[in-house]
Colleague: 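My questions all concern the structure below.
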Amino acid sequence: MIKFFCVLLFGLSISVSASINKEQLNKLNVGALLVKDMTSNQMLYAKEAFKELKPASLTKVMTALIAIEQGDLNRPVTITYEMIQVEPTIAGYKPGDVIRLRDLVTAAMVKSDNDAAKSIAIAVGGTEKRFVEMMNAKAKALGMKHTHFVNPCGFDNKEHYSTPSDLLKMTEYAIKNKYFNEISKKNQHTYFSLNNNKKFLAYTHNRLLSRYEYAVGVKTGYTSKAGACLIARAKKNGRDCLIVMMDSKEDRWKTAKQIFEQVFVSKSHKNG
């Protein structure tokens, strides 16, 4: 009976293990790529997992996390001139606009608005410098040993870097937070300033959310130096998978969808 039970368990573990074409992934023109089956806690594919690269707006996952964990997302934030001294993408705030912190966090995640991210940093940290110190302290606490942040937006800087492995650690932590998951899968967000009822619209850059029905987040990123970056998550038939892609010359959305579908197809071992 015990032997039969062990054989049954082994058979079931095979039936849910992911199938992935590593040779095909090796041919992809990407700087780095990680694929992890969250259901089995198994790393399915890794390319340059520990290479220090520019994370672009993948940085905003950490920015959002710090803001969410400080615990007062309903607090009003009065926009200052300093908060809007950033490059596009922007929401278009003006000094004096009063925006709820939760809307800033959502705008930073959904549309990747840099004025939203910088406003979060100054509002939560007191200064941008102090907020960046909080980001780096959190990274250290999460075991992100090869990550260093110098801004909350993801602007290119030789001292602003991370690795796919570290970004995976960050994301695995982030997705334990219910509110983070709610905002990271949004296609759009409409909100208003509290003092003058000005309307703002945030539309996602994450095309995977509209092109792949099983996608549930997480964050896109791009600069000319970092290249196209993506942290993507999908769930299908009780399976959960995370992808970290950096410096991609491929179509991010098509590539991620193909990888997910490989992962979600179980091996041909079937019961009975």
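Small disclaimer: the values here were computed from a predicted structure and weren't measured.
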Colleague: Tell me whether Leu44 is reachable from Leu28 by hopping between hydrophobic residues (I, L, V, M, F, W, Y) whose side-chain heavy atoms are closer than 4.5 Å.
Modeller: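 Result: yes, single cluster for both.
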
Colleague: With a sphere of 6.0 Å drawn around CG of Asn237, does it hold more than 12 non-hydrogen atoms of other residues, nucleotides or ligands?
Modeller: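 At most 12 heavy atoms, drawn from other residues, nucleotides or ligands, come within 6.0 Å of this atom.
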
Colleague: So, Glu172 and Lys169, do they make that salt bridge, N to O below 4.0 Å?
Modeller: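 No, this pair does not count.
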
Colleague: State, with a plain yes or no, whether a side-chain heavy atom of Leu208 is found less than 4.5 Å away from one of Arg252.
Modeller: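 Contact flag for Leu208/Arg252 side chains = no.
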
Colleague: State yes or no: do Leu53 and Leu242 share one hydrophobic cluster built from I, L, V, M, F, W and Y residues joined by side-chain heavy-atom distances below 4.5 Å, directly or via other members?
Modeller: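 Result: yes, single cluster for both.
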
Colleague: Just wondering, more than 12 heavy atoms not from Gln85 lying within 6.0 Å of its CD?
Modeller: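 For Gln85, atom CD is crowded (more than 12 foreign heavy atoms under 6.0 Å).
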
Colleague: Going from CD1 on Ile99 to CZ on Arg75, what distance comes out if it is rounded to the nearest 0.5 angstrom?
Modeller: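 Going from the CD1 atom of Ile99 to the CZ atom of Arg75 covers 13.5 Å.
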
Colleague: Is atom CZ of Arg207 surrounded by more than 12 heavy atoms (other residues, nucleotides or ligands) closer than 6.0 Å?
Modeller: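 Open: at most 12 neighbouring heavy atoms sit under 6.0 Å from CZ of Arg207.
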
Colleague: If we count only N and O atoms by modelled type, under 3.5 Å, do the side chains of Asn196 and Asp97 hold a donor and an acceptor together?
Modeller: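 Yes, because at least one side-chain N or O of Asn196 sits under 3.5 Å from a partner of the opposite role on Asp97.
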
Colleague: Could you pull out the closest heavy-atom pair between Pro76 and Leu194, with the gap in Å?
Modeller: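 Minimum heavy-atom contact is CB-CD1, 3.9 Å.
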
Colleague: Do the side chains of Ile79 and Leu201 join up, straight or via other hydrophobic residues, at under 4.5 Å, putting them in one cluster?
Modeller: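 Cluster IDs for Ile79 and Leu201 differ.
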
Colleague: Just verifying a value: how many Å separate Cys153 SG and Ile90 CD1, rounded to the nearest 0.5 Å?
Modeller: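 One finds 11.5 Å between SG of Cys153 and CD1 of Ile90.
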
Colleague: Where do Ser248 and Val30 come nearest, in terms of heavy atoms and distance?
Modeller: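 Nearest pair, atom of Ser248 first, then Val30: OG-CG1, 3.4 Å.
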
Colleague: Using a 3.5 Å distance criterion without hydrogens, assess whether the side chain of Thr39 forms a donor-acceptor pair with backbone atoms of Asp240.
Modeller: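 A pair under 3.5 Å: yes.
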
Colleague: Go through it in stages, so that I can follow the logic: the residues are Arg233 and Asn181, the test is side-chain contact (heavy atoms from CB on, under 4.5 Å), and I'd like the CA-CA distance, side-chain angles, deciding distance and then a yes or no.
Modeller: CA-CA 10 Å; Arg233 185 187 186 195; Asn181 289 331; 3.6 Å; yes

Colleague: Do Tyr45 and Asn26 meet the criterion of a side-chain donor-acceptor pair at a distance under 3.5 Å?
Modeller: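 Per modelled atom types, Tyr45 and Asn26 side chains form a pair under 3.5 Å.
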
Colleague: Check Lys236 with Glu261, please: is the shortest side-chain N to carboxylate O separation under 4.0 Å?
Modeller: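 Answer for the salt bridge query: yes.
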
Colleague: Is a side-chain donor or acceptor of Thr220 paired with a backbone partner of His205 at a separation under 3.5 angstrom?
Modeller: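 Looks like no, no N/O pair under 3.5 Å.
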
Colleague: With salt bridge (Lys or Arg N to Asp or Glu O under 4.0 Å) as the criterion, how do Asp247 and Lys249 come out once you've worked through the C-alpha distance, each side chain's angles and the decisive distance to 0.1 Å?
Modeller: CA-CA 7 Å; Asp247 191 18; Lys249 306 299 189 298; 2.9 Å; yes

Colleague: Taking the side chain as C-beta and beyond, is there a heavy-atom pair between Met245 and Thr255 under 4.5 Å?
Modeller: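 SC-SC contact between Met245 and Thr255 confirmed.
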
Colleague: With side chains defined as the heavy atoms from C-beta onward, is the minimum distance between Leu230 and Ile243 less than 4.5 Å?
Modeller: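 They are not in contact (no side-chain heavy atoms under 4.5 Å apart), so the answer is no.
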
Colleague: Got a sec, which pairs hit ring-ring contact (aromatic ring centres under 6.0 Å, His included) with one end in residues 69-115, sequence neighbours left out?
Modeller: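 Sorted pair list: Tyr93-Phe200.
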
Colleague: Would you kindly say whether Thr59 and His160 are connected by a side-chain donor-acceptor distance under 3.5 Å?
Modeller: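 There is such a pair (donor and acceptor under 3.5 Å, judged by atom type) between the side chains of Thr59 and His160.
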
Colleague: Please give me the minimum heavy-atom distance between Leu209 and Lys185, naming the atom from each residue.
Modeller: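 Of all heavy-atom pairs spanning Leu209 and Lys185, the closest is CD1-O, 3.8 Å.
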
Colleague: Quick one, Asn187 and Tyr203 - any side-chain contact, counting heavy atoms below 4.5 Å?
Modeller: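 No, side chains not in contact.
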
Colleague: Under the side chain to side chain donor-acceptor pair (under 3.5 Å) rule, collect the residues that match up with Glu82, sequence neighbours excluded.
Modeller: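 Residues passing side chain to side chain donor-acceptor pair (under 3.5 Å) with Glu82: none at all.
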
Colleague: Would you name the heavy atoms of Leu142 and Met170 that are closest together and state the gap between them?
Modeller: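 Shortest heavy-atom contact: CD1-CA, 4.2 Å.
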
Colleague: NZ/Lys118 to CD/Glu87 distance, rounded to the nearest 0.5 angstrom?
Modeller: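 The NZ atom of Lys118 sits 10.0 Å away from the CD atom of Glu87.
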
Colleague: Ignoring hydrogens and angles, state whether a donor on the side chain of Asn41 or Lys36 is under 3.5 Å from an acceptor on the partner side chain.
Modeller: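 Side-chain D/A pair, Asn41 to Lys36: present.
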
Colleague: Write down the atom of Val77, the atom of Ser119, and the distance for their closest heavy-atom approach.
Modeller: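 Scanning both residues, the minimum pair turns out to be CG1-O, 4.5 Å.
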
Colleague: What closest approach, in Å, do Met144 and Phe149 show between heavy atoms, and which atom pair accounts for it?
Modeller: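 Closest pair (atom of Met144, atom of Phe149, distance): CE-CZ, 4.4 Å.
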
Colleague: Checking side-chain contact (heavy atoms from CB on, under 4.5 Å) for the pair Tyr222/Cys229: CA distance, chi angles, key distance, verdict?
Modeller: CA-CA 6 Å; Tyr222 175 82; Cys229 301; over 6 Å; no

Colleague: Are any non-hydrogen side-chain atoms of Asn114 and Lys60 less than 4.5 angstrom apart?
Modeller: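 SC-SC contact between Asn114 and Lys60 confirmed.
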
Colleague: Quick check against the 3.5 Å criterion: does Glu52 have a side-chain atom that pairs as donor or acceptor with the backbone of Ser162?
Modeller: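 Not confirmed, Glu52 side chain does not pair with Ser162 backbone.
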
Colleague: Between Lys138 and Tyr173, do the side chains contain a donor N or O and an acceptor N or O under 3.5 Å apart?
Modeller: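 Short answer, yes.
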
Colleague: Assess the residue pair Asp166 and Lys145 against the criterion (salt bridge (Lys or Arg N to Asp or Glu O under 4.0 Å)); give the C-alpha distance rounded to whole Å, side-chain angles, the decisive distance to 0.1 Å, and a yes or no.
Modeller: CA-CA 7 Å; Asp166 279 1; Lys145 297 180 180 180; over 6 Å; no

Colleague: Can you confirm whether Phe180 sits close enough to Val218 that some side-chain heavy atom of one is under 4.5 Å from a side-chain heavy atom of the other?
Modeller: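 The answer is yes; the side chains approach within 4.5 Å.
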
Colleague: Calculate, to the nearest 0.5 Å, the distance between atoms CD and CG belonging to Glu182 and Asn177 respectively.
Modeller: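 Result: 9.0 Å between the selected atoms.
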
Colleague: Take Arg130 and Thr127, measure what side-chain contact (heavy atoms from CB on, under 4.5 Å) needs, and give me the verdict at the end.
Modeller: CA-CA 5 Å; Arg130 172 57 186 146; Thr127 65; 3.3 Å; yes

Colleague: Using the rule that two of Ile, Leu, Val, Met, Phe, Trp, Tyr join whenever any of their side-chain heavy atoms come within less than 4.5 Å, decide whether Val61 and Phe131 are in one cluster.
Modeller: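 Yes; Phe131 is reachable from Val61 via cluster members.
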
Colleague: How about Ile183 and Val105: do any of their side-chain heavy atoms sit closer than 4.5 Å?
Modeller: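 Yes, side chains in contact.
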
Colleague: Please determine whether side-chain contact (heavy atoms from CB on, under 4.5 Å) holds for the pair Arg102 and Asn74, giving the CA-CA distance in whole Å, both sets of side-chain angles, and the decisive distance to 0.1 Å.
Modeller: CA-CA 6 Å; Arg102 69 170 60 249; Asn74 285 320; 2.9 Å; yes

Colleague: If you define the side chain from C-beta out and look only at heavy atoms, does anything of Lys111 sit under 4.5 Å from Thr204?
Modeller: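 No, side chains not in contact.
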
Colleague: Got a second to check how far Thr163's OG1 is from Leu168's CG, nearest 0.5 Å?
Modeller: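 Going from OG1 on Thr163 over to CG on Leu168, the span is 9.0 Å.
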
Colleague: Classify the ring geometry between Phe260 and Tyr212 as parallel (under 30°), tilted (30 to 60°) or perpendicular (over 60°).
Modeller: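 Parallel, since the angle between the ring planes stays under 30°.
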
Colleague: When hydrophobic residues are tied together by side-chain contacts of less than 4.5 Å, even through go-betweens, does Val35 share a cluster with Met246?
Modeller: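 Looking at the clustering, Met246 is in a separate group from Val35.
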
Colleague: Test Asp156 against Thr223 for side chain to side chain donor-acceptor pair (under 3.5 Å), laying out the working first.
Modeller: CA-CA 7 Å; Asp156 291 330; Thr223 69; 2.8 Å; yes

Colleague: Is the number of heavy atoms from other residues, nucleotides or ligands under 6.0 Å of Phe50 CZ greater than 12?
Modeller: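 12 or below, so no.
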
Colleague: Has the side chain of Asp115 got a donor or acceptor atom that lies under 3.5 Å from a matching backbone atom of Val86?
Modeller: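 Here the side-chain-to-backbone pair does not exist.
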
Colleague: First locate atom CZ of Phe264, then atom NZ of Lys235, and finally report the distance between them rounded to the nearest 0.5 Å.
Modeller: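 Here the interatomic distance stands at 10.0 Å.
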
Colleague: Looking only at the side chains, is there a donor atom on one of Gln258 and Gln24 sitting less than 3.5 Å from an acceptor on the other?
Modeller: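 No - no donor-acceptor pair under 3.5 Å links their side chains.
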
Colleague: Answer yes if the side chains of Lys219 and Ser112 hold a donor-acceptor pair under 3.5 Å, and no otherwise.
Modeller: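 Present: a donor and an acceptor within the cut-off.
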
